[in-house]
Amino acid sequence: MYIWKFLEHKGPYFPPEYQPLPDNVKFFYDGKAVKLSLAAEEVALFFAQMLDHEYTTKEVFRNNFLKDWRKEMTLEERMLITDLNKCDFGELHAMHKQKVEARKNLSKEEKQINKEANQKILEEFGYCMLDHHRERIGNFKIEPPGLFRGRGDHPKQGMLKKRIQPEDVIINCSRNSHIPEPPTGHKWKEVRHDNTVTWLASWTENVQGSCKYVMLNANSKLKGEKDWEKYEVARKLKSCVDAIRSQYQEDLKSKQMGTRQRAVALYFIDKLALRAGNEKEEGETADTVGCCSLRVEHITLHDALDGETCVVEFDFLGKDCIRYYNKVPVSKRVFKNLKLFMENKQEGDDLFDRLNTNMLNKHLTSLMPGLTAKVFRTYNASITLQQQLKGLSNSSDNVAEKLLSYNRANRAVAVLCNHQRAPPKTFEQSMASLQAKIESRKEQLELAKKELKLAKKEAKGSSDSKLLVMLEKKKKTVQRCEEQLLKMEVQATDREENKQIALSTSKLNYLDPRISVAWCKNMEVPLDKVYNKTLRDKFAWAIDMTEPDFVF
DNA sequence: GGCGGGACTTAGAATTATGACG
DNA sequence: CGTCATAATTCTAAGTCCCGCC
C-alpha cells in the first residue's frame with residue numbers, strides 16, 4: 001500500500017452545461033412537433049446522437065432508453081410519449097451531424113484556439129502535487145452524461161447515465177493542502193483526507209451503482225512503482241512455477257473433489273492464460289465468464305478430435321464479451337477429471353462447483369506471497385515474449401525484419417491472452433491498395449534490373465567514366481527498389497497477421513517493459529519503433545534501469 | 001465460507017492527431 | 001496544401017482482488 005504525506009489538486013473538471021436546442025430544430029412525436037422540457041430534450045439528444053449506431057436498433061437498448069427518458073419528462077410529456085417508434089429524432093440527428101461536420105471544417109486558426117483552450121484546462125486541472133512531485137492526473141474530467149453503452153448483450157444498455165454534480169463528488173486530499181473550490185454555487189459531497197488510497201476524487205455512477213475514481217496518470221511515480229512491483233511478483237513466480245506445476249499435477253489425483261477442481265482450474269489458468277473468473281450478479285451485467293465461473297455448456301469433451309486424444313473444446317464469452325474459442329489436447333488425468341465434474345450436470349451448472357476465485361487465490365498466496373490468478377497471465381505473457389524474441393529475431397536482419405519479428409512475438413502473446421479487436425473497417429481496402437503498391441514496385445524493379453543489365457553491357461570493357469557512373473547509379477536503383485519491396489512485403493505480412501489481433505493491450509499491461517527495452521538495445525532498434533510516446537512515458541522506470549543483459 | 005462494496009488494473013471502442021501521399 | 005489512412009490518445013466499461021462484516 002502506498003501511504004502519501006501530501007496531496008493537493010484542483011478537483012475534477014466538469015463537462016459544459018447542456019445547451020438547449022435552437023427553435024428551428026424540432027422533435028416530432030406521431031408526426032407533430034413537440035417542444036420538450038429541458039431535461040427531456042437533453043436526453044432525447046443523447047439518443048438522436050447515436051442513431052447511426054447499431055445500439056439504437058437493439059430492443060433492450062430502446063426499452064431501457066425509453067424507460068429512463070420518461071423519468072426525465074414532465075407529467076404532460078410522459079402522458080404523450082409512450083412509444084419510441086412514434087418518435088422522430090431526425091432533425092436532432094441532422095443538427096448533431098452538422099455540428100460534427102462544422103467542427104471538422106474549422107479553420108486551422110480556430111482549431112489552434114480550441115487546442116490552446118484545452119491545454120489551459122489541462123494545465124489547471126490535469127496536474128496535482130503528490131509528495132513534492134507534480135504529477136499528471138489520468139482522468140481529471142468528470143464523465144459527461146449520456147446513454148450507457150454496455151458491451152455485448154448488456155441488460156442495462158441504453159439506460160441514462162446521469163450528469164454528475166459537485167454534490168455527488170467526494171474530494172480526497174491533504175488536510176494541509178489548498179482544498180479545491182467547488183464550481184460556483186455548488187458544494188462537494190464530502191472532503192476527506194485518506195492517505196491510504198490513491199484517488200483524488202470519486203463519485204457513484206447511477207447505472208451500475210459502482211464507484212468511479214479520478215486517479216493519477218500511468219506515467220506517475222506512484223503508478224510506475226506499482227507497475228514495477230507487478231512485474232517483480234511475476235518474475236518471482238518464474239522461480240517457483242515448476243514446483244507449483246508439480247503440485248497441481250499431484251492435486252489432480254487428490255481424494256478431495258475441491259482440490260481436484262482447483263488443480264484443473266489452475267492448469268487452465270497456467271496453460272491457457274484464462275482470467276480468474278469472479279462470480280457476477282445475474283441480470284446486472286452481460287453473461288461472461290472466466291476460469292472459475294465456467295459452466296458446463298462452455299466446454300465440450302472429445303475423446304478424439306483431429307487426430308488428437310483428450311481434446312477440450314472451449315467456447316465462451318470472456319471479458320468485454322470477447323469470444324474465447326480453442327481446442328486443447330489435455331492430459332488423460334485432466335480429461336478424466338473434467339468428465340467427472342460434468343457428470344449429472346445440466347446447462348447452466350458451474351463446471352467447478354466446489355471452487356471460487358477467493359479459494360483459489362488463498363491457495364496461491366500460500367504457495368508464494370503475492371501470488372494470485374492474474375499473476376500467471378503476467379508471467380506467461382512476459383516469458384512468452386522473451387522466448388519468442390529469442391527464437392525469432394536475428395541481429396543480421398534489417399530493422400523492418402526485426403520489427404516484424406518483434407510484432408510476431410508480441411502477437412504470440414496477444415493470441416495467448418485472447419486480445420482481439422474488430423477488424424478495421426477499411427481493412428480489405430487498405431490491404432488491396434498495399435498489394436497494388438507491391439505489384440507496381442515489382443514492375444519497377446524489373447524495369448530497373450533490365451536497365452542495369454543494359455548499362456552493364458555498355459560499360460563492359462569501357463573506361464568511360466560517364467558509363468561507369470551510370471552503372472553505379474543503376475545498381476543503386478535496383479538495390480533501393482529491392483529494399484522498398486521487401487519492406488512493403490514485410491508490412492503486408494504483418495498487417496494480414498494482425499487483422500483481428502490487438503497488440504496494444506499486452507504491450508501496455510502484460511509485457512515486462514524491460515524485455516522490450518533490452519531487446520531494442522541488443523538489436524540496435526530505436527525504442528520509439530516499439531514504444532510510442534505514451535508507452536515511453538509509462539515505462540520510463542524501465543527505460544532508465546534496464547541493461548542489455550536483462551533477463552525476465 | 002459468503003457477500004457486498006471499495007480500490008485498483010485491464011480492455012476494446014471511439015475520438016483525435018499525425019503524417020504520407022497525390 | 002488538402003485528403004485520407006494509420007497511429008496515438010482518450011474514454012469508460014469490465015474485470016481482479018481484498019477487506020470487513022456476518
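Residues L147(A) and T534(A) each lie close to DNA chain C; by heavy-atom proximity, the contact nearer the 5' end of the strand is made by T534(A). Residue order along DNA chain B, read from the 5' end via each residue's closest nucleotide, puts K226(A) first among A422(A) and K226(A). Between N356(A) and N418(A), the one whose closest nucleotide on DNA chain B sits nearer the 5' end is N356(A). Residues Q208(A) and Y531(A) each lie close to DNA chain C; by heavy-atom proximity, the contact nearer the 5' end of the strand is made by Y531(A).
Heavy atoms of T357(A) sit nowhere under 4.0 angstrom from any nucleic acid atom. A286(A) comes within contact range of no nucleotide atom at all, as no heavy-atom separation falls under 4.0 Å. Across all strands shown, G277(A) has heavy atoms under 4.0 Å from sugar-phosphate atoms exclusively, and none from any base. Among the protein residues, K104(A) comes within range of no part of the nucleic acid, since none of its heavy atoms lies under 4.0 Å from any strand. Among the atoms of the strands shown, none is found under 4.0 Å from any heavy atom of T285(A). Across all strands, K362(A) comes closer than 4.0 Å to no nucleic acid atom at all (heavy-atom distances).
Geometrically, R134(A) engages Y127(A) in a cation-pi contact, judged by NZ or CZ lying under 6.0 Å from the ring centre and within 45° of the ring axis.
Looking only at side-chain heavy atoms (C-beta outward), F376(A) and L266(A) come within less than 4.5 Å of each other.
Between D320(A) and R151(A) there is a salt bridge, since a side-chain N of the basic residue sits under 4.0 Å from a carboxylate O of the acidic one.
Using modelled atom types and a 3.5 Å distance limit, the side chains of Q119(A) and E123(A) yield no donor-acceptor pair.
In this structure, CD of E279(A) is placed 7 Å from P of dC3(B), rounded to the nearest angstrom.
In terms of polar N and O atoms assigned as donor or acceptor, the side chain of K141(A) never comes within less than 3.5 Å of the base of dT10(C) in a complementary pairing.
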